Number of protein chains: 2
Amino acid sequence: MSEFSLIARYFTRPTPSAVLGVGDDAALLRVAPGMELAVSTDMLVSGTHFFPDAEPFLLGHKTLAVNLSDLAAMGAVPRWATLALSLPGEDEAWLRAFSSGFFALAESHGVELIGGDTTRGPLNLSVTIMGEVPSGTALRRDGAKPCDDIWVSGALGDAALALAHLQGRVTLDAAQFAACAPALHQPQPRLALGQALRGLASAAIDISDGLLADLGHILERSQVGAEIEFAALPSSAVLRSLPTRDGEAAGSLVASLTPAPSPGGSGELRARCILAGGDDYELCFTAPQARRAEVEQLAQRLTLPLSRIGVIKSAPGCVVCAAEGGEIRLEASGYDHFA
Amino acid sequence: MSEFSLIARYFTRPTPSAVLGVGDDAALLRVAPGMELAVSTDMLVSGTHFFPDAEPFLLGHKTLAVNLSDLAAMGAVPRWATLALSLPGEDEAWLRAFSSGFFALAESHGVELIGGDTTRGPLNLSVTIMGEVPSGTALRRDGAKPCDDIWVSGALGDAALALAHLQGRVTLDAAQFAACAPALHQPQPRLALGQALRGLASAAIDISDGLLADLGHILERSQVGAEIEFAALPSSAVLRSLPTRDGEAAGSLVASLTPAPSPGGSGELRARCILAGGDDYELCFTAPQARRAEVEQLAQRLTLPLSRIGVIKSAPGCVVCAAEGGEIRLEASGYDHFA
């Protein structure tokens, strides 16, 4: 199979919304009048972001999902993607499954694959996602204001918990793993939420490196601080029910968490997964208190839990208030490839 | 050094032409009215596209140059790029040199780096380049017509010759290598040419996989054939002067070339480099015969040789006429990562 037949067979589907799709030196796109183009790139590397034997259908889904999540955080409508992939060899079964997972998610969100590159090398998947957002309405990281509410969608920590199980750092039973694995393998980008938050949220980010790390980006760009109520952080039933022990805490997965006063062993893993687990792909956003009812109505309309987890402060720094009183302090707060 | 300080230090420069540049979930761009967005992605992998010890300043140049070349082939004006890179470790000297080479070329063409991703893994460089082209004027591969002239810019084969030397498959003296190495290490994307060819060329492509492979894409997409005069193909003085021997022909570099009648050993390496060498990043384009004088004037204006190498035929296939009479036939015609 040549490089060209590989592209033709697995990565060429109709692109009616492009002027010109796959097959020339570049694709040609027309951005609608009054729209800005939102562009983001994410690269997934075997052994760093996924296990080398990752199920390829799910990997295809996730490769696009993590990129769509960035557009969700901007309030943009996804339109087009390019995919550059480096493959160690040609494995048609793998390619068929990977491309099926990629296109299943793409088509469910109206995304067209308009170009890319295919080469030989260690498995590496790089997507550039492009979407449209009405000019001036994108959700940015720099708009949070003191007294704004802080919100998160869905539940946090399940992906980190599933990863900890797969890495042998915690042992879940089959039902527990089945409950949290989809968060790791098939994250659902919160596109409808992001688009609905235009004109409502003051700042937004998607949670890819862990809540505290990503909220930290909002705080830094907005030059504000935050106070979070740990008890208000949403987590799944499986994470809440987990009997945790210190020895099984997800230490190499997430940053070191130094509770003070110590919350003790119980709940330690849970706290790490929720605050700094990463791979959640939920949205964290801020909105004025006066818009609280609108956010709650939005949660109902989207049938997506939106939890109010804290408040923006003018003083810098992020304080996490423990349920039993006192503050949970962090040494580092999220995943960093080069820390 | 954290991932974020790495990005801040080496990959964040002003982006005045973007609504929002590096540092949010996505960049925001405004495409000018009446313009189409041209988008292309190329991935460079260590050991596949470059030597692991490649000089990082030159690698930074080439990483962007091969992408700019795709926009040149569309007649587009480059505007923005994203860079996703996977690095085996943090080597500040390498990063400084690589980013310097990347930005030196970017700034000389007015390209802004508006986003990307940095992660740990085998060295991999993936660029998505974006440019603007007036609606309906892009140079495509599918517009070649029978009787059109076929043209190429610059000279062919030097990059393949330099690579053959570095791989020990041919031995050049220092002056010869110095003459052809820049073609391999610092290709110059033909952006001014591509833009000037709008409304003049009927089809265009950049030569990355070898003249015959890339011309073949024009022929396939345009549903035509071609006849090429080997003697008309432009090559450098060093390639023309080279005493070639069959045993040193660049066999693993380029596809197998079966001359019939055999042109003999002399010139064999030269023919392989010129016809199927790859990495030239010159433009191959077609234009009506009636526009011949305009193309020649363009060559003078740009001080860039433009050579008329053959003619488009209605019958499919590509015939290469040898200078001594007869036809040079090919088994395969260019580089293919999965052939």
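Letters go in sequence order (proteins before strands), and every chain restarts at 1. Side-chain atoms are counted along with the backbone in the values below, which use heavy atoms only and exclude waters and symmetry mates. What you see is a predicted model, and the numbers here were worked out from it, not measured in a lab.
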Open item on the list: Does B/Val45 form a side-chain contact (heavy atoms from CB on, under 4.5 Å) with A/Arg120? I'd like the steps, not just the answer.
Closed with: CA-CA 8 Å; B/Val45 179; A/Arg120 196 178 286 276; over 6 Å; no

Open item on the list: What part of A/Ile205 gets within 4.5 angstrom of chain B, counting heavy atoms only: side chain, backbone, both, or neither?
Closed with: both

Open item on the list: Shorter than 4.5 Å, heavy atoms on both sides: which option in A/Ile129, A/Asn124, A/Val133 has the most such pairs with chain B?
Closed with: A/Asn124

- [ ] Sort A/Ile114 into side chain, backbone, both or neither according to what part of it lies under 4.5 angstrom from a heavy atom of chain B.
- [x] side chain

TODO: Check the pair A/Leu20 / B/Met74 against side-chain contact (heavy atoms from CB on, under 4.5 Å), numbers first and verdict last.
DONE: CA-CA 11 Å; A/Leu20 184 64; B/Met74 301 299 286; 3.9 Å; yes

Task: Under 4.5 Å from any heavy atom of chain B - which part of A/Val127 - done: neither

- [ ] Determine, step by step, whether A/Val39 and B/Met130 satisfy the side-chain contact (heavy atoms from CB on, under 4.5 Å) criterion, reporting the C-alpha distance in whole Å, the side-chain angles of both residues, the deciding distance to 0.1 Å, and the verdict.
- [x] CA-CA 10 Å; A/Val39 180; B/Met130 286 158 277; 3.9 Å; yes

Task: Between CG on residue B/Asp70 and CG on residue A/Asp24, distance to nearest 0.5 Å - done: 9.5 Å

Task: Spacing of OG belonging to A/Ser86 relative to CG belonging to B/Leu44, to within rounding of 0.5 Å - done: 10.5 Å

TODO: May I ask you to name which of B/Ala84, B/Gly115, B/Ala76, B/Gly131 has the most heavy-atom pairs under 4.5 Å with chain A?
DONE: B/Ala84

Task: Contacting region of A/Ser69 [heavy-atom separation from chain B under 4.5 Å] - done: neither

TODO: State which residue, out of A/Thr82, A/Thr41, A/Asp42, fulfils the side-chain hydrogen bond (donor to acceptor under 3.5 Å, both in side chains) condition with B/Thr82.
DONE: A/Thr41

Task: Proximity breakdown for A/Arg141 and chain B, heavy-atom pairs closer than 4.5 Å - done: both

Task: Contact check, side chains of B/Asp25 and A/Arg140, non-hydrogen atoms, under 4.5 Å - done: no

- [ ] Starting from the C-alpha separation in whole Å, work towards a yes-or-no answer on side-chain contact (heavy atoms from CB on, under 4.5 Å) for B/Leu37 and A/Arg30.
- [x] CA-CA 6 Å; B/Leu37 187 77; A/Arg30 212 166 279 149; over 6 Å; no

- [ ] Using non-hydrogen atoms and a 4.5 Å limit, figure out which bit of B/Ala72 sits close to chain A: side chain, backbone, both or neither.
- [x] neither

TODO: Measure the spacing between CE of A/Met43 and CE of B/Met43 and express it to the nearest 0.5 Å.
DONE: 4.5 Å

Task: Rounded distance (nearest 0.5 Å) linking atom OG of B/Ser135 with atom CG of A/Leu28 - done: 9.0 Å

